[in-house]
A.B. asks: 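Here it is, the structure, as structure tokens.
For this chain, numbers begin at 1 and follow the sequence in order.
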Amino acid sequence: MSQSKTSTIVVGKLGAPYGIKGWLKVHSFTDDPQGIFDFSPWLIGQQGKWQNLEVSDWRRHNKGYIAKFAQVNDRDEAMAYTNAEIAVYAEQLPELPEGEFYWRDLIGMSVVTDKGYDLGVVDDLMETGSNDVLVVKANKKDAFGQSERLIPFLTDSVILDVNHEERKVTVDWDPAF
């Protein structure tokens with residue numbers, strides 16, 4: 001099945017085959033690694049082409065997970081899916097409570113200081129041991145010589161407001177940093 005206009009979110013990756021009956025190792029990118037199995041069907045992507053596959057069974061194996069697809073019945077068939085991405089349709093993601101959002105919602109939002117200085121747009125997010133970090137690309141090299149800023153995503157002190165309608169994040173941040 002070919003992917004159409006609906007947006008997809010990559011939630012994991014398939015690893016090597018496990019055993020001879022078509023099982024594959026699963027590397028989950030979800031916050032709760034077992035949460036990847038809450039989604040069905042999975043879209044399996046290889047070389048820009050997406051295919052729906054139904055997980056017929058899964059289990060914990062050592063420190064990870066393995067899964068069996070209804071359409072895959074032996075090790076040779078499973079081998080064809082090694083290193084393929086696992087995605088789901090964006091509509092499959094659960095609705096979040098008021099005031100919460102997915103990282104993907106922040107990408108492309110403008111970032112301004114509480115004094116009105118335009119720092120640029122959110123290009124990416126990083127997860128660190130202590131807190132998440134916004135990667136903000138300046139629209140062009142700004143007056144402070146910055147082309148990129150790393151701003152900690154601390155809602156109590158740095159992030160003052162996330163406005164979805166205006167696609168704007170307001171921060172308490174010194175532009176010289």
Side-chain angles (χ1 to χ4, degrees), residues 1-109 122-136 150-159 161-164 167 169:
M1 170 179 217
S2 187
Q3 178 58 25
S4 63
K5 299 173 181 102
T6 308
S7 67
T8 58
I9 308 297
V10 174
V11 293
K13 188 174 185 176
L14 293 173
Y18 175 82
I20 60 170
K21 295 185 179 180
W23 289 74
L24 285 146
K25 293 180 182 176
V26 174
H27 305 285
S28 176
F29 301 158
T30 57
D31 279 343
D32 170 17
Q34 187 172 317
I36 195 170
F37 298 103
D38 294 340
F39 301 109
S40 182
W42 284 358
L43 295 165
I44 305 301
Q46 294 177 301
Q47 301 168 349
K49 295 184 180 176
W50 295 93
Q51 173 185 10
N52 280 329
L53 289 182
E54 194 73 38
V55 176
S56 61
D57 198 6
W58 66 272
R59 66 181 92 146
R60 180 179 283 286
H61 176 68
N62 292 330
K63 293 182 181 181
Y65 296 94
I66 56 174
K68 170 80 174 78
F69 296 108
Q71 302 91 328
V72 179
N73 296 309
D74 63 41
R75 185 176 183 85
D76 291 336
E77 289 176 12
M79 206 60 152
Y81 295 104
T82 301
N83 295 322
E85 290 184 320
I86 303 167
V88 296
Y89 293 114
E91 298 80 43
Q92 290 177 269
L93 297 176
E95 288 292 320
L96 295 175
E98 184 67 32
E100 291 187 24
F101 40 83
Y102 290 107
W103 275 14
R104 68 183 177 92
D105 299 335
L106 297 173
I107 304 294
M109 283 191 175
V122 178
D123 184 57
D124 199 4
L125 286 104
M126 295 189 303
E127 193 173 359
T128 66
S130 56
N131 56 269
D132 298 332
V133 175
L134 291 175
V135 178
V136 179
L150 301 177
I151 300 175
F153 198 89
L154 300 171
T155 53
D156 295 335
S157 57
V158 178
I159 305 299
D161 183 51
V162 176
N163 188 320
H164 291 284
R167 303 233 353 109
V169 179

A.B. asks: Using atom types as modelled and distance alone, determine if a side-chain donor or acceptor of Gln46 lies under 3.5 Å from a backbone N or O of Ala80.
C.D. replies: yes
A.B. asks: Nearest 0.5 angstrom please: Leu106 CG to Asp132 CG, how far?
C.D. replies: 10.0 Å
A.B. asks: Which heavy atom of Ala78 sits nearest a heavy atom of Leu24, and at what distance?
C.D. replies: O-CD2, 3.4 Å
A.B. asks: May I have the step-by-step check of side chain to side chain contact (heavy atoms under 4.5 Å, CB included) for Ile151 and Val158, ending in yes or no?
C.D. replies: CA-CA 8 Å; Ile151 300 175; Val158 178; 3.6 Å; yes
A.B. asks: Could you go step by step and tell me if Glu127 and Trp103 meet the side chain to side chain contact (heavy atoms under 4.5 Å, CB included) rule?
C.D. replies: CA-CA 11 Å; Glu127 193 173 359; Trp103 275 14; 3.9 Å; yes
A.B. asks: Does a donor on one side chain sit under 3.5 Å from an acceptor on the other, for Gln71 and Tyr81?
C.D. replies: no
A.B. asks: If you take all heavy atoms of Thr30 and Ile36, which pair is closest and at what distance?
C.D. replies: OG1-N, 3.7 Å
A.B. asks: Between Leu14 and Phe69, is any pair of side-chain heavy atoms under 4.5 Å apart?
C.D. replies: yes
A.B. asks: Side chains of Ile86 and Ile44, heavy atoms from C-beta outward: is any pair under 4.5 Å?
C.D. replies: yes
A.B. asks: Test side chain to side chain contact (heavy atoms under 4.5 Å, CB included) on Ile107 and Leu125 and set out the steps.
C.D. replies: CA-CA 8 Å; Ile107 304 294; Leu125 286 104; 3.8 Å; yes
A.B. asks: I want to check something: taking the side chain as every heavy atom from C-beta on, are Arg104 and Leu93 in contact at a cut-off of under 4.5 Å?
C.D. replies: yes
A.B. asks: How close do Tyr65 and Arg60 get, heavy atom to heavy atom, and via which atoms?
C.D. replies: OH-NH2, 2.9 Å
A.B. asks: Once you round to the nearest 0.5 Å, how far does CG of Leu150 lie from CG of Asp124?
C.D. replies: 10.0 Å
A.B. asks: Of the non-hydrogen atoms in Val72 and Glu77, which two are nearest, and what is the gap between them?
C.D. replies: CA-OE1, 3.3 Å
A.B. asks: Can you find a heavy atom in the side chain of Lys21 that is under 4.5 Å from one in the side chain of Asp74?
C.D. replies: no
A.B. asks: Between Phe153 and Asn131, is any pair of side-chain heavy atoms under 4.5 Å apart?
C.D. replies: no
A.B. asks: In sequence, state the C-alpha distance, the side-chain angles, and the governing distance for Ile159 and Leu134, and then conclude on side chain to side chain contact (heavy atoms under 4.5 Å, CB included).
C.D. replies: CA-CA 10 Å; Ile159 305 299; Leu134 291 175; 3.9 Å; yes
A.B. asks: Using atom types as modelled and distance alone, determine if a side-chain donor or acceptor of Arg75 lies under 3.5 Å from a backbone N or O of Gly19.
C.D. replies: yes
A.B. asks: Once you measure the plane-to-plane angle for Phe101 and His164, does it fall in the parallel (<30°), tilted (30-60°) or perpendicular (>60°) bin?
C.D. replies: perpendicular
A.B. asks: Tell me the closest heavy-atom pair linking Ala87 and Thr8, and the distance in Å.
C.D. replies: CB-CB, 4.2 Å
A.B. asks: Quick check against the 3.5 Å criterion: does Trp23 have a side-chain atom that pairs as donor or acceptor with the backbone of Ile20?
C.D. replies: no
A.B. asks: Strictly distance-based, threshold 3.5 Å: is any side-chain N or O of Ser56 a donor or acceptor partner for the main-chain N or O of Lys68?
C.D. replies: yes
A.B. asks: Does a sphere of radius 6.0 Å around CG in Asp31 hold more than 12 heavy atoms from other residues, nucleotides or ligands, not counting ones at 6.0 Å or beyond?
C.D. replies: no
A.B. asks: Within the 4.5 Å heavy-atom criterion, are Trp58 and Gln34 side-chain neighbours or not?
C.D. replies: yes
A.B. asks: Within a strict 4.5 Å, meaning less than it, do heavy atoms of the Tyr102 and Pro94 side chains meet?
C.D. replies: yes
A.B. asks: Could you tell me the separation between the NZ atom of Lys13 and the CD atom of Glu85, rounded to the nearest 0.5 Å?
C.D. replies: 7.0 Å
A.B. asks: Contact between Thr82 and Lys25 at the side-chain level, heavy atoms closer than 4.5 Å - yes or no?
C.D. replies: no
A.B. asks: Taking all heavy atoms of Ile66 and all of Val26, pick out the closest pair and write down the distance.
C.D. replies: C-CG2, 4.3 Å
